[in-house]
Amino acid sequence: MENNHHTEEQNDGHIAEAHHPSYGINILVWIGLLSLTAITVAVAGINLGSLALTVALVIALVKSMFVINFFMHLKFDNKVFKIFLGICMITFIVVMILTFFDLTFRI
Amino acid sequence: MRPNIVDQVDQTFWLIMGISIILLALITVVMIYFVYKYNRKRHPVAENIEGNTTLEIVWTIIPVILVLIMFFVSWAGFKNMRDVPKDAMVVSVTGQMWKWTFEYDNKKKSDTLFLPANTNVKFDIKSIDVNHSFYLPAFRTKEDAIPGRVNHYWIRTNEPEVYYAACAEYCGLNHSYMYAPVIVIPEKKFIEWKNYTPPDTTKSVTPVKTDSLKTDTLKTGAVNSLNKDTLKTGSVKTDTIKPNSVKQDTLKSK
Amino acid sequence: MANGTIAAVPQTAEVNFYNVRTKHKGILSWLLTIDHKRIGIMYLFAVVFFFLVAMTIGVFMRLEMLTPGETFMKPQTYNSLFTLHGVIMIFLFIIPAVPAVFGNFFLPIQLGAQDVQFPKLNLLSWYLYVIGAVLALTSLFSGGGIMDTGWTFYVPYSIRTTTNVSLSVFAAFVLGFATILTGLNFITTIHRLRCPGMTWFRMPLFAWALYATSWIQVLATPVIGITLILIILERAFGIGIFDPALGGDPLLYQHMFWIYSHPAVYIMILPAMGVVSEIIPTFSKKTIFGYVPIAISSLAIALVGYLVWGHHMFSSGISDTSRVIFSLLTFFVALPSGIKIFNWVATLYKGSIEVTAPMLYVLLFIFIFSIGGLTGLVLGALNTDLHLTDTYFVVAHFHYVMFGGMGIIFFAALHYWFPKMFGKMYNEKVAKTAAVWIGIGFNMLYFPMFIMGYLGMPRRYYDYLPEFQKYHVFATVGSWVLVSGIIIMYINLAIALKRGKKAPDNPWGGTTLEWKTSSPPIMENFKEIPTVTTGPYDHSITESQEVKK
Amino acid sequence: MSYNSDSSVQEIQEVHIHRDDFGSKMGMWLFLFTEILLFGGLFILYAGYRFIYSEGFAAAATELDVLLGTINTVILLTSSLTVVLAIVALQKENKKLSLFFLWVTVICGLIFLVNKYFEWGAKFHHGVYPKGPALQNMSEGEVMYFGLYFVMTGLHGLHIVVGLIFIGYVMRQIQKDVITSSNFQKLENSGLYWHLVDIIWIFLFPLFYLIH
Ligand code: HEA
Ligand code: HEA
Ligand code: CUA
Ligand SMILES: [Cu+2]
């Protein structure tokens, strides 16, 4: 593989050896996700007023962190992927905030 | 006395332009000088220069200062534009394909905008079909007419004069014919006009439907099929209004 | 296995990627190729074709504007033409122009790689481009006629007009995907395929520019993708998302549109800036001044470019607070562009400058782009924009930055890399004459538009008040000068293609890796994978083997 | 080896396609980002309209079936798990088990779609569809809500279909031993895609079904 001269992200391009996850941890994560689903549905029954949105979104965020870190393996992956995801999320959040500078302050 | 919006816009414009022209001249002159001085014929061997941190800092800081000056000047002008005087007379402006309708506080409607001289006027700008933009070039400002919203701006009229309003947001076939005459008259005459209702005005003034139009009515109304001439009648003929009839010198910077 | 094959490519210069024996023969060897160079050439011809189409439309538009009232077309035709002109220029020409043509051809070579990371995906991008183009052409002859919304597709007009908006918008969606895939490909290529020794800060600045561009392509294009799909859904099913009659908010549409389309203007200009950073050191025979600031400013432009889209909406009734914020941010986006300009000019200092055709275009670019960029500041200012928005001032601004920026640099790149891409030399004198014509014609055409705009001539106007006629006439005449310049340029290149002298491997004395392989390059780009030990523009070590022409 | 022998030409073409799992994964992630921002646009619209029409949205949200939504959430979470398990199984060189897990995923996906079909069907039946009779009588906020509901869940459903096709293709490749315990990046990429679809649902679920 002459032409696989990777100057960074040190590995030879084959990541099979990178990490050996087991069945167990993934099943645990799954149970966690199901519990969080149960919680969010249960909480939705209570009248939290304006807090409801925040709570639901926080739970959804936690759930997606689980999926991203374990199922999608990001926790064990190379740093670039974390940076990439960070760039993507920051872009999205900033765009959202700037849009709301308009919506919130309209008369 | 508040600063005049027209002057402020022109001053900001020429301030930014002035800085820009100086910068442009500098860049161009230096560039041409280098190309001449260090031409291969005169200067066959180049000297390798990697960069210079001091210079980088200088040409970051100076532009920062320049743009901040530009920003604050334009912001000051903008604040004035958005801060409507309390005593402003309100005219409601409604755009539709392809004409403007003006409504005064006494419900009088007109498709020519009559305004009293030396008065602050606030426009409430609406649209009943697609986006338009109520543009008064002589007053250096515009604001879009967006269906479902009311936008606004204000101006201060001067001495009696004839201007025009144009539509500056593309709105279909006759976008370029969506003018309205703007006639500033002495205050007394204006009040006379406003309170005078000729028995047959209703004919010349098209009633404006204010309830929102459904999508379909427009589609069948064939945005396409009208031709230029049918539309021109009813609206102003282009040659009757003198654009920027503000005297030439007011247009130039002060 | 790779090793053996590369060594087996013979030394004879005659074997290049055009005549190497490939699996498929004839036209198929192009249509099924996964070679980045061939794909780049295919893009070149497609892009130039659409450029000429849109330019011809532009000339017709100018002709119509020669006199007030009807000159030779009806308003509906004019409205369709400027829409078509804008859509083709933006989606079919300027966005793919430099990345897809020169990026495809030269990025892997400059990195010392044999191809992009995903060659098949690269071909798929090309096909998406072609499909998008075919859809766009189909939309002209089907449905309710040629779209007449302007390239911004603003709702509610775009929902209501009876013309064929849906298909054209879908074409733009497909074209968007083509650019996303190209961007994705380039990012991965730059991360994975740099040759040994090529650290991030030894990459040519063209690669840096493409890297920044690609990120915008990946992260911004999907937003317009979904927005365009929503227009189609509203037209087809009456789903209310933007339609104010159903409670939708047309301003949210504008937000969505410009969230993409402002970053998109930096998709257009960043690659051009990358090309400039290549050409200036080559013809000054010295390294670039301020490599790191230029590289970083590309990223900065990409970054800040995300934060300023609201400046296209100053008059639309967005909140005053957001106008102030967007305006401030807009002013900051000018800084990295300025840093680039200053560093380029500084590179000339104590160089050994040769004004060849590509260099002439670059000098022209610096002048014209500065005008375009600086007038952008007036538009970014809060109070002046309310006067100038949607007038010819804006039209002048964006032609100065788009045509004067990317367009001129497209010509520069074409001349700079022509010997490498086709192995032929063109007539230098004629090329320079054409550049001068283009420079004069360009300014005659667009400068009057600044004045008209300031005097209050709105854009997208089929007809105008008589007092503007003198400016319009001047501009129209300018367009003829420009046309002649461009025709001379293309004819010169066409002749060179047929009968040009054979080009040496390194006609300009360039230092980046593409000049270290044959002209045209061999199939695998290099006989053996190069190893890099210095920065990209180190002229001190180039052997003076270059052939002066 | 002479360059004009056919075999070498063959090889010249093949050199292009070198294997780089890391690069392939990077490409996949970048693609996922475009998907995130594709939905991101819709999420911005959702947020915007929810802000403008908070009451209409609250009223409309009560009309969705929380139970159905919850079931679909559980189904998708489970299918995500089985994809991961399929990767683990393949890494442990258990091809059969891996294929079994993928089958579970596919079936979960199909059940999800069937549920969605019934959900949409019920809405249509009650006249809740664009321009439908029920929508004519609703407030603007509710119309916006259902517009977004149909677009977002519809697009999500489309992604499920694409994910299923992707996984189906990967299963065939596993069967043919193209994807193996030492070469499973394609499987992982299909997994990444599927998880992303799952994550989007994780947000759609509370936003449409739970918050009143
Ligand atoms: C290649 C494309 C391109 C580029 C690079 C730019 C660059 C810029 N543009 Fe432009 N723009 C467009 C394409 C582009 N634009 C298009 C297509 C439209 C119209 C869309 C439509 O409505 O159809 C538009 C419209 C447009 C508007 C909206 C006008 C309106 O409709 O009301 C604004 C407003 O702020 C704007 C601003 C700017 C600014 C500040 C920059 C800056 O990035 C410029 C930065 C460069 C410089 C400033 C020059 C060099 C710098 C120096 C010499 C340094 C010293 C300078 C100082 C810092 C003081 N542009
Ligand atoms: C890259 C972008 C780009 C480029 C290069 C151009 C190039 C030109 N454009 Fe522009 N233009 C846009 C992008 C561009 N345009 C956009 C985005 C809009 C906004 C659309 C909208 O409002 O929605 C616009 C709008 C626009 C308008 C405003 C319309 C209006 O608001 O009413 C005008 C008016 O004059 C105009 C004119 C021209 C002209 C004369 C050229 C000239 O450069 C053309 C020069 C042409 C030649 C030099 C042709 C040479 C070749 C031939 C004649 C062909 C010969 C044929 C063969 C050899 C096969 N354009
Ligand atoms: Cu009304 Cu343009
Ligand atoms: Cu912009």
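Please read these numbers as outputs of a predicted model, since none were measured by experiment. Chain identifiers are assigned alphabetically (A, B, ...) following the order of the sequence lines, protein sequences preceding nucleic acid strands; residue numbering begins at 1 within each chain.
No side-chain donor-acceptor contact under 3.5 Å links C/Y349 to the backbone of B/Y38. C/R160 contributes no side-chain N or O that, together with a main-chain N or O of B/V130, makes up a donor-acceptor pair within less than 3.5 Å. Remark: the backbone N or O of C/S316 is paired with a side-chain donor or acceptor of B/N151 at under 3.5 angstrom. Checked by atom type and distance alone, the side chain of B/N48 pairs as donor or acceptor with a backbone atom of C/T287 at under 3.5 Å. With hydrogens and angles ignored, the 3.5 Å screen pairs a side-chain donor or acceptor of C/S352 with a backbone N or O of B/H43. Here the side chain of B/N131 pairs a donor or acceptor atom with the backbone of C/V155 at under 3.5 angstrom. Between the B/K142 side chain and the C/T389 main chain, a donor and an acceptor come within less than 3.5 Å of each other.
Judged as a salt bridge (charged side-chain N to carboxylate O under 4.0 Å, His left out), the pairs with a partner in residues 371-395 of chain C (not counting sequence neighbours) are, in order, C/D390-C/R459.
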(request) Take B/K37 and C/K350 through the side chain to side chain contact (heavy atoms under 4.5 Å, CB included) test and state the conclusion after the steps. (result) CA-CA 8 Å; B/K37 175 93 189 286; C/K350 296 207 166 159; over 6 Å; no
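A 4.5 Å side-chain heavy-atom check between B/Y164 and C/L465 finds at least one atom pair inside the cut-off. At least one side-chain heavy atom of C/P156 sits under 4.5 Å from a side-chain heavy atom of B/P147. Within the 4.5 Å cutoff, no side-chain heavy atoms of C/F367 are placed close to those of B/I27. Residues C/N343 and B/E56 have side chains in contact (heavy-atom distance under 4.5 Å, counting atoms from C-beta outward). Inter-residue side-chain proximity for C/R323 and B/R82 is flagged as met; some heavy-atom pair is nearer than 4.5 Å. Considering only heavy atoms from C-beta on, C/F289 stays 4.5 Å or farther from B/E50 through its side chain. Residues C/F342 and B/P63 form a side-chain contact, since some pair of their non-hydrogen atoms from C-beta on lies under 4.5 Å apart. Looking at heavy atoms from C-beta onward, C/L386 lies in side-chain contact with B/T141 at the 4.5 angstrom threshold.
When all heavy atoms of C/Y464 and B/Y179 are compared, the pair lying nearest together is CA-OH, 4.5 Å. Minimum heavy-atom separation, B/W75 to C/L382: CD1-CD1, 3.8 Å. The two atoms that bring C/Q76 and B/L173 nearest to each other are OE1-CD1, 3.4 Å, heavy atoms only.
In this structure, chain C has heavy atoms under 4.5 Å from both the backbone and the side chain of B/I49. Residue contact with chain B, scored on non-hydrogen atoms closer than 4.5 Å, involves the side chain of C/F82 exclusively. Of the two parts of B/I32, neither the backbone nor the side chain holds a non-hydrogen atom closer than 4.5 Å to a non-hydrogen atom of chain C. Interface residue B/T28: only side-chain heavy atoms are found under 4.5 Å from chain C. Both the backbone and the side chain of B/N52 come within contact range of chain C, judged by heavy atoms closer than 4.5 Å. For B/V35, the parts sitting under 4.5 Å from any heavy atom of chain C are the backbone and the side chain alike. B/M31 touches chain C through backbone and side chain together, each having a heavy atom under 4.5 Å away. The contact between C/F283 and chain B is made entirely by backbone atoms, counting heavy-atom distances below 4.5 Å. Residue contact with chain B, scored on non-hydrogen atoms closer than 4.5 Å, involves the side chain of C/F332 exclusively. Only the side chain of B/L55 comes within contact range of chain C, with heavy atoms under 4.5 Å apart. Both the backbone and the side chain of B/V64 come within contact range of chain C, each with at least one heavy atom under 4.5 Å from a heavy atom of that chain.
Shown are B/V9, B/V73, B/D10; of these, the side chain to side chain contact (heavy atoms under 4.5 Å, CB included) with C/T384 is made only by B/V9. A side-chain hydrogen bond (donor to acceptor under 3.5 Å, both in side chains) with B/Y170 is found for one member of C/N79, C/T152, C/T149 and no other, namely C/N79.
C/D463 CG to B/Y177 OH: the interatomic distance, rounded to the nearest 0.5 Å, is 3.5 Å. Distance check, rounded to the nearest 0.5 Å: CZ of B/F71 to CG of C/L329 gives 9.0 Å. In this structure, B/D83 CG and C/D320 CG are separated by 10.0 Å, a value rounded to the nearest 0.5 Å. Atoms OG1 and CG, from B/T12 and C/N383 in turn, are 4.0 Å apart once rounded to the nearest 0.5 Å.
Note: C/V324 leads C/T391, C/V324, C/L251 in heavy-atom pairs under 4.5 Å with chain B. Contact tally against chain C (heavy-atom pairs below 4.5 Å) for B/A145, B/G148, B/S127, B/S20: the top residue is B/S20. The greatest number of non-hydrogen atom pairs below 4.5 Å with chain B, out of C/D249, C/V378, C/L328, is found for C/L328. Of the listed residues (C/G338, C/G373, C/S327), the one with the most heavy-atom contacts under 4.5 Å to chain B is C/S327. The most heavy-atom pairs under 4.5 Å with chain B, out of C/G380, C/S370, C/G351, C/G290, come from C/G351. Residue with the most contacts toward chain B among C/I288, C/V292, C/V355: C/I288 (heavy-atom pairs, distance under 4.5 Å). Most heavy-atom pairs under 4.5 Å with chain B, from the set C/P293, C/G317, C/A346, C/P458: that is C/G317. When the candidates B/L24, B/I146, B/T53, B/L23 are compared by the number of heavy-atom contacts under 4.5 Å with chain C, B/L24 comes out ahead.
Atom CZ of C/F237 has 12 or fewer neighbouring heavy atoms from other residues, nucleotides or ligands inside a 6.0 Å radius.
Classification of the C/F393-B/F13 ring pair by plane angle, with boundaries at 30° and 60°, yields perpendicular.
Counting only N and O atoms by type, the side chains of B/D144 and C/S315 include a donor and acceptor under 3.5 Å apart.
Cation-pi contact between B/R140 and C/Y454: present, with separation from the ring centre below 6.0 Å and deviation from the ring axis of at most 45°.
Salt bridge annotation for B/R42-C/E354: absent, with no cationic side-chain nitrogen under 4.0 angstrom from a carboxylate oxygen.
Taking the ring centroids of B/H175 and C/Y461, they lie under the 6.0 Å cut-off.
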